[in-house]
**Student:** 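This is the structure I have questions about; it appears just below.
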Amino acid sequence: MLFFVARKFLYLVPVLIAVSLLTFLIASLLPGDLAYTILGDQATPETVAALRRDMGLDQPIWIRYFGWLGHVLQGDFGRSFRTGQTVLQAVSERLPISFELMILAEIMCLAIGIPLAIVCAARSGGPFDRFMTGTAFGMLSVPTFLSAILLIYLFAVELRWLPATGYVPFGEDPAANLRFMVLPALTLALAEWPGIMRVLRSDMIATLQEDYIALAKAKGLKASRILFVHALKPSSLTLVTITGINIGRLIGGAVIVETIFALPGIGRLLVGAIATRDLIILQGVVLLVGAGFVLMNFIVDMLYAALDPRIRHGHA
Amino acid sequence: MTAAIRGRTLAQIFHVAAFGVALAASPASAQKQGGSITVGLELDISGFDPLKVGVFDTAAGTAAAAIFDTLTYLDDKGVAQPKLALSWTHSDDFKTWTFKLRPGVKFHDGTPFNAQAVKENYDRQKDPANKCRCAFYVAFINNVQAPDDLTVVFNLNDPSVNLPAIVSPPGANFVVQSPTAWKTKGADYNRNPVGTGPYIPKSWIAGDRMVLEKNPDYWDKGRIYLDRIILKPLPDAQSRFASLQSGEADIVWDDEYDADNIQRAEKDPKLKVHTYAGSGAAVAAFNTKVAPLDDVRVRQALVMALDRKKMSQALTNGLARPASNPYGDGSWVKCKDDGALPYDLEKAKALIKDYGKPVDFKMLFTATPRGRAGGQVLQQFWKQAGANMEIEQVDQATFPPRAFMRQFQVIGWRIVDLADPDVQMYANFHTGSPVALANYSNPELDKLLEHARVTADQDKRIEDYCAISRHINQQALWFWTFQNTYYAMSNAKVKGLPKMYSGVIDVSRVWLE
């Protein structure tokens, strides 16, 4: 296992370097000049040139990249030229909100997806399975913004059960915090449960055809015991991967969901940085989110290996 | 006195007394003290330090109107009234203005508000070393002097007959900030603003909410009613409206491109739509130095091919008001004849035919869904007249440089709602100005702009501005699509909202019924 972790860790380093390089290049190659953005309406060719010189923007791109990477490695991701906040300040203020949103969404997504998958697998080919598979397919094609607006209309405007927008920190009032989080998390979960359900369903159908299941049936074990004890664990390997990949999709979804529900998370920070051309914040946030995603996949790989010995020995 | 007469007299006395009580009580009883209000803004607030944020957008302006004071404010007729300045005088040439300040005012940090503080605000914006993004907007001020504690003197580069109105908006340039605060807080000042205004920032979670509480020492506390103002950025128009409907927000910003919701709110007795028809307009400029737009026939044809009512219907359910000059209904400039070219498709076709060559050009828009929609509508009108326009969309950061470097054929732009047309009209049309986007120079037009700037008589200025409009319209240098209209929607118990100058929702003096 140790060798496996070390090998995976070695892969991790070049990936992280690639993420940093891409982040830097994307932010540098975007149209628009940082000096122009900072100077605004009063920019003249002379003042732009002077500021570019001051900020080192006239240096070759690889010198700028290494300069930037050097600062990043020392924990200095830069400071927004608009708000004066450092990237780390801005991210640390908003990360817990996005994190909470994603965890809640993931829990809801699993809570919807797993039971449905089990029932569908147990009655594979039956009317319920066909109906749910169709519904899942349909739900995959509903854009997040649409389900968000529909949920707001139903639960906030018509029924008045939950707030439409806003946020209360968990530390201030946990119950209120959850009330504000339910609709955004449900919106994200609605987009993700079909994936979970479809994968787990097909894995379980395969598992249910294994010899040991037939043996368990022959022994007269209860159907529920066979499903939950004997079939679920071996079928959940792919589920771990899907859950890991889901995190990446949830980050993408959070950008839309946080904007619609006015949650002050990382997604909103990113949208704001793009709208105001705050390249320092943009660069920092994309790098941190990218690196976080890579690390998350690393952890999923580890988990996967822990669950299935064949993987850490390179047989699967 | 008989009983009947006595009874009638008593009744009369009662009526008079009741009327008197009603008169005396009506303003006081209507304006209730206390309560809090939640305002839904369309944008996150970046901060309040002009060196960092440049000019305030409407979201920051809404907060700034509560946190800061300006020297003057505009009443509902658009006339400058005393605020931090009590009175003002000017030199004969309108190049020097002297303001007498209100005594005994303090910033929220306890430091005194005085002439030196006002001077330092302008010095800081104008210092080239500070590279303030806001500097362009105070370029007309040469320097500000503070001869004594309560006297501020503005020395201007060019005469200005309406300076007290020009310095009235709660924008980055004209709100008075505490010099002690920005000096001691440094980079943190941007998010920790200190003013003299009626409300003090208590907490601010970036992207979520800013909480303002009543300033107990405010100099005008008799006219401040709410205990607390909560400002929440709600960027999505649909969920912003839903927040108003479900009661999480008491008043929300909106614009005519969200026409469905505005029209729904108009029909809802629990809601109220506040609108303000401002001055200025959404406009577009032709680059008159490049073919085919260097030919006046082509420019006139393009303007005459526009049916603004249909445009308004297509883009805003008919809410947007067509514009025929740069001033708008909200301006004091009213023209009997603004020289507007009429919608006349046949004439437009004839002019293009007369030009004799193909009319192909590009128009520059911002890369937003609204930019694209507006572009497509214009494209269709011009196609009917025989001209081919290609839509070019660029992002916000690329847009201004392209404009200032004249790298466009036609460009969408805006004349914002200001108290006086001078600043923008002079900048937009005087020869040599960096934003004279039409690339057009005419001594006659320059003379009119200069005359309007130095003439104190408002009627004469109106004549000048109408002549300017006639010249621009006849030469088709720029064209105007819609007048500026600003919207807010509130629940019906929000009272006392003043005119939303430049789209700023100033809730600092509202009360809840």
Side-chain angles (χ1 to χ4, degrees), chain A residues 30-34 36-45 47-48 50-51 54 79-86 89-90 93-94 97 145 148-149 152-153 155-158 160 162-169 256 258-265 268-269 271-272 274-279, chain B residues 38 40-41 43-47 49 51-55 57 128 131-137 139 185-192 205-209 230 232-249 367 394-401 403-405 434-435:
Chain A
L30 277 177
D33 186 330
L34 184 59
Y36 221 117
T37 314
I38 292 174
L39 289 167
D41 297 346
Q42 59 135 19
T44 62
T47 54
V48 170
L51 188 63
D54 289 351
R79 197 181 260 277
S80 157
F81 62 83
R82 272 178 77 81
T83 64
Q85 260 192 323
T86 66
Q89 260 174 350
E93 263 178 26
R94 288 154 179 267
I97 299 157
F145 71 85
I149 295 294
I152 288 179
Y153 186 73
F155 290 106
V157 178
E158 287 299 313
R160 306 243 167 154
L162 291 163
T165 53
Y167 171 74
V168 171
I256 299 165
E258 287 176 6
T259 304
I260 293 179
F261 288 96
L263 283 179
R268 275 278 298 287
L269 182 66
V271 171
I274 293 168
T276 56
R277 281 288 145 156
D278 202 335
L279 285 183
Chain B
T38 300
L41 306 169
L43 297 165
D44 285 350
I45 300 168
S46 304
D49 185 346
L51 298 194
K52 292 269 181 222
V53 299
V55 290
D57 48 42
K131 296 194 184 80
C132 183
R133 299 180 65 207
C134 57
F136 173 80
Y137 303 93
K185 289 181 179 161
D188 291 334
Y189 177 71
N190 189 42
R191 299 187 74 79
N192 295 282
I205 303 171
D208 177 39
R209 71 183 61 199
I230 299 162
K232 285 170 101 174
L234 306 173
D236 181 74
Q238 291 300 333
S239 52
R240 195 164 56 235
F241 184 57
S243 299
L244 176 69
Q245 286 178 303
S246 63
E248 283 142 48
V394 295
D395 67 289
Q396 289 285 2
T398 318
F399 199 80
F404 300 143
M405 289 187 269
V435 282

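Chain letters run A, B, ... following the sequence lines, proteins first and then strands; every chain starts at 1.
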**Student:** How many angstroms lie between atom CZ of B/R240 and atom CD1 of A/I152, to the nearest 0.5 angstrom?
**Tutor:**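 Interatomic distance, B/R240 CZ to A/I152 CD1, rounded to 0.5 Å: 12.0 Å.
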**Student:** For a quick test of reading the model, state the closest non-hydrogen atom pair linking A/R268 to B/P235 and the distance between them.
**Tutor:**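 Nearest pair, atom of A/R268 first, then B/P235: NE-CG, 3.8 Å.
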**Student:** Closest heavy-atom contact between A/A262 and B/P233?
**Tutor:**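 It is CB-O, 3.5 Å.
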**Student:** Sequence neighbours excluded, which residues qualify as side chain to side chain contact (heavy atoms under 4.5 Å, CB included) partners of A/E93?
**Tutor:**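 With neighbours one apart ignored, the set is A/Q85, B/A206.
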**Student:** Under 4.5 Å, counting heavy-atom pairs only, tell me which of A/L269, A/T259, A/L263 racks up the most with chain B.
**Tutor:** A/T259
**Student:** Counting heavy-atom pairs under 4.5 Å to chain B, which of A/P163, A/G272, A/A148 comes out on top?
**Tutor:** A/P163
**Student:** Can you tell me if B/R209 uses its side chain to pair, donor with acceptor, with the backbone of A/Y167 under 3.5 Å?
**Tutor:**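 At least one qualifying donor-acceptor pair exists.
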**Student:** Quick one: what part of A/I260 sits under 4.5 Å from any heavy atom of chain B, side chain, backbone, both or neither?
**Tutor:**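 Backbone plus side chain of A/I260, per the 4.5 Å heavy-atom cut-off to chain B.
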**Student:** With a 4.5 angstrom heavy-atom cut-off, is it the side chain or the backbone of B/I205 that approaches chain A, or both, or neither?
**Tutor:** side chain
**Student:** Identify, with sequence neighbours excluded, every residue that meets side chain to side chain contact (heavy atoms under 4.5 Å, CB included) alongside A/Y153.
**Tutor:**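 Only A/V157, A/E158 meet the side chain to side chain contact (heavy atoms under 4.5 Å, CB included) criterion with A/Y153.
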**Student:** With a 4.5 Å cut-off on side-chain heavy atoms, are B/D236 and A/T165 touching?
**Tutor:** no
**Student:** With a 4.5 angstrom heavy-atom cut-off, could you sort out which part of A/L162 is near chain B: side chain, backbone, both or neither?
**Tutor:**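 The backbone, not the side chain.
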**Student:** Tell me, side chain or backbone of B/Q245 under 4.5 Å from chain A's heavy atoms, or both, or neither?
**Tutor:** both
